[in-house]
Amino acid sequence: MAAGPSVLEAIQELSRENGAPQVSSSGLDDRLTKRLQQLVSSHPVLLFMKGTPEEPKCGFSQKVVDILKKEKVKFGSFDILTDNEVREGLKKFSNWPTYPQLYCKGELLGGCDIVITMHESGELTDVFKDHGVGVSDSLETKPNKTAGGKGGISEQSGLSTALTTRLAGLINSSPVMLFMKGTVDEPRCGFSRKVVDILKQEKVEFETFDILSDDEVRQGLKVYSNWSSYPQLYIKGELIGGSDIVLEMQKSGEFRKVLTEKGIHQKVSLEDRLKNLLNSSPVMLFMKGTPDSPRCGFSSKVVNTLKEEGVDFGSFDILSDEEVRQGLKTFSNWPTYPQLYYKGELVGGCDIILELHSGGELKSTLSE
């Protein structure tokens, strides 16, 4: 898990050398992968260390144990010195080459240096709090849906007017807005990756903001939303929650319900969109301009030919939509316009239409 701005400087070198820690089963057999998955998820907080909490076998493990005790969280541990298969396998599984390794809810937080820096910055406490670690049956950090769904946003935040306005603008810059660590292509923490994956699974169009790139936004949004950690997901300007809440909502079906209620529809792929357009009329002409105002001679010729034949047809102005214009060329394997379709099948372009017309075959072709 990538940490906060104060942590980033301390781990920047490690990140460059080892990449952001992420689960990878490359090179591991299914049995070992399953075993490691069960191990990392066996406790809300789990420490893979050398030795035991009572008798650590290295100074780094000792430091992390001491920090967890100071954080007053319950944690499990696994002595990697007792099992070489786990010791070597976990390095590949987590893409993290050293020990100790600390996990929270099955996600890797990091090693000794990262844990120390997160502890000193207060971010480790925030992560545990957000994921209910050490807080018995507490749901106090979840958005209060009965209070208008505002997710604890306080108008008396103490933030400057300029920052408040900026944050409100960012939150409302997209119907679905995710404040995360990293980007969609390169999430910098496992929790951000989870929410990105859920949004993709739900086929939702969304925008993101990398809070690691702007500390003013990162710290200010915590106060503005009264939510202490990231990611934070907003729909139509209202806070939904972090990764655990979004995951719970998806599993229960509530997330899809909320999206529908907010008027957020599943993103239609270009291929599906093209198919819908092709079948929107039995005879469909993709042209430049409209039948009343053609924007090229070839389109005008096809329009006049169809009118002469007495054929009813629908049309789409490819000049009005560049995505359709370029996508249909690939979809139909036909590089130019106009393109005439009958029952979703390509008939051809201007030359073919005129040839069919002159041969007396066009009307029969469009009525089979």
Side-chain angles (χ1 to χ4, degrees), residues 169-170 172-178 184-185 196 199-208 234-237 255-368:
L170 284 171
N172 290 283
S173 62
S174 173
V176 180
M177 187 69 186
L178 176 64
V184 172
D185 295 328
V196 167
L199 292 172
K200 287 181 177 179
Q201 289 165 14
E202 295 290 337
K203 296 181 180 179
V204 173
E205 291 191 49
F206 64 99
E207 298 293 332
T208 65
Y234 292 78
I235 296 180
K236 293 292 183 73
F255 189 61
R256 171 47 52 191
K257 182 180 178 182
V258 169
L259 290 170
T260 301
E261 289 174 350
K262 296 290 186 181
I264 308 297
H265 303 293
Q266 288 185 324
K267 181 180 179 181
V268 179
S269 69
L270 177 57
E271 182 177 354
D272 287 340
R273 188 181 173 208
L274 293 174
K275 287 179 180 178
N276 289 336
L277 282 171
L278 293 175
N279 291 285
S280 60
S281 175
V283 180
M284 188 69 186
L285 177 64
F286 291 82
M287 61 181 290
K288 293 180 180 179
T290 66
D292 295 329
S293 299
R295 297 287 295 277
C296 80
F298 301 114
S299 294
S300 181
K301 285 181 180 179
V302 174
V303 167
N304 290 334
T305 299
L306 292 173
K307 288 180 177 179
E308 286 178 26
E309 293 279 0
V311 175
D312 291 328
F313 64 98
S315 68
F316 185 90
D317 180 5
I318 53 95
L319 298 179
S320 68
D321 193 315
E322 187 66 17
E323 183 183 49
V324 171
R325 179 179 185 172
Q326 300 303 328
L328 191 60
K329 292 179 183 180
T330 303
F331 183 86
S332 64
N333 195 26
W334 195 268
T336 59
Y337 290 98
Q339 295 182 19
L340 184 68
Y341 290 79
Y342 177 61
K343 292 186 176 180
E345 297 292 332
L346 177 64
V347 178
C350 181
D351 289 346
I352 291 178
I353 301 306
L354 294 180
E355 185 179 332
L356 288 170
H357 173 61
S358 64
E361 301 177 56
L362 183 58
K363 193 156 190 176
S364 61
T365 299
L366 301 179
S367 59
E368 291 178 352

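Below, all heavy atoms of this structure are taken into account, side chains as well, without hydrogens, waters or symmetry copies.
- For the atom pair L356 CG and K363 NZ, the distance stands at 14.5 Å (nearest 0.5 Å).
- Counting heavy atoms from C-beta on, the side chains of R256 and V204 come closer than 4.5 Å.
- R273 has a carboxylate O that lies under 4.0 Å from a charged side-chain N of D321, or vice versa, which qualifies the two as a salt bridge.
- Applying the ring pair (Phe, Tyr, Trp, His ring centres under 6.0 Å) test to Y341 and every residue at least two apart in sequence or in another chain returns F286.
- Around CZ of F298, the count of heavy atoms belonging to other residues, nucleotides or ligands within 6.0 Å does not exceed 12.
- Taking 4.5 Å as the limit, some side-chain heavy atom of K236 sits within range of a side-chain heavy atom of I264.
- Contact between S299 and K288 at its shortest, heavy atoms only, is OG-N, 3.1 Å.
- Y234 is not listed as a side-chain neighbour of N172, based on a closest heavy-atom distance of 4.5 Å or more.
- Heavy atoms from other residues, nucleotides or ligands lying under 6.0 Å from CD of Q201 number more than 12.
- Looking at heavy atoms from C-beta onward, M287 lies in side-chain contact with P294 at the 4.5 angstrom threshold.
- The closest side-chain heavy-atom distance from L199 to V184 is not below 4.5 Å.
- Nearest heavy atoms, R325 versus K329: O-CG, 3.5 Å.
- Taking CD1 of I353 as the reference point, atom NZ of K301 lies at 13.5 Å (rounded to 0.5 Å).
- Note that the CG atom of N333 and the CG atom of L346 stand 9.5 Å from one another [nearest 0.5 Å].
- If you take CZ on F316 and OG on S281, they are separated by 14.0 Å, rounding to the nearest 0.5 Å.
- Atom CD of E205 is separated from atom CD of E207 by 8.5 Å, given to the nearest 0.5 angstrom.
- The side-chain contact (heavy atoms from CB on, under 4.5 Å) test with C350 singles out one residue from T336, L340, T305, V302, and that residue is V302.
- For E308, the CD atom sits in a packed shell: over 12 heavy atoms of surrounding residues, nucleotides or ligands are nearer than 6.0 Å.
- In terms of modelled atom types and a separation under 3.5 Å, the side chain of Q339 and the main chain of W334 share a donor-acceptor contact.
- Not one N or O on the side chain of S300 forms a donor-acceptor pair closer than 3.5 Å with the backbone of G297.
- Closest of all the heavy-atom pairs between Y337 and V324 is OH-O, 3.8 Å.
- Between Y342 and L366 the shortest heavy-atom distance is CE1-O, 2.9 Å.
- Here the side chains of V283 and V347 are not in contact, with every heavy-atom distance at 4.5 Å or above.
- Considering all non-hydrogen atoms of both residues, L170 and S173 come closest at O-OG, 2.6 Å.
- Between the side chain of S293 and the backbone N or O of T290, no donor-acceptor pair lies under 3.5 Å.
- In this structure, M284 CE and L277 CG are separated by 6.0 Å, a value rounded to the nearest 0.5 Å.
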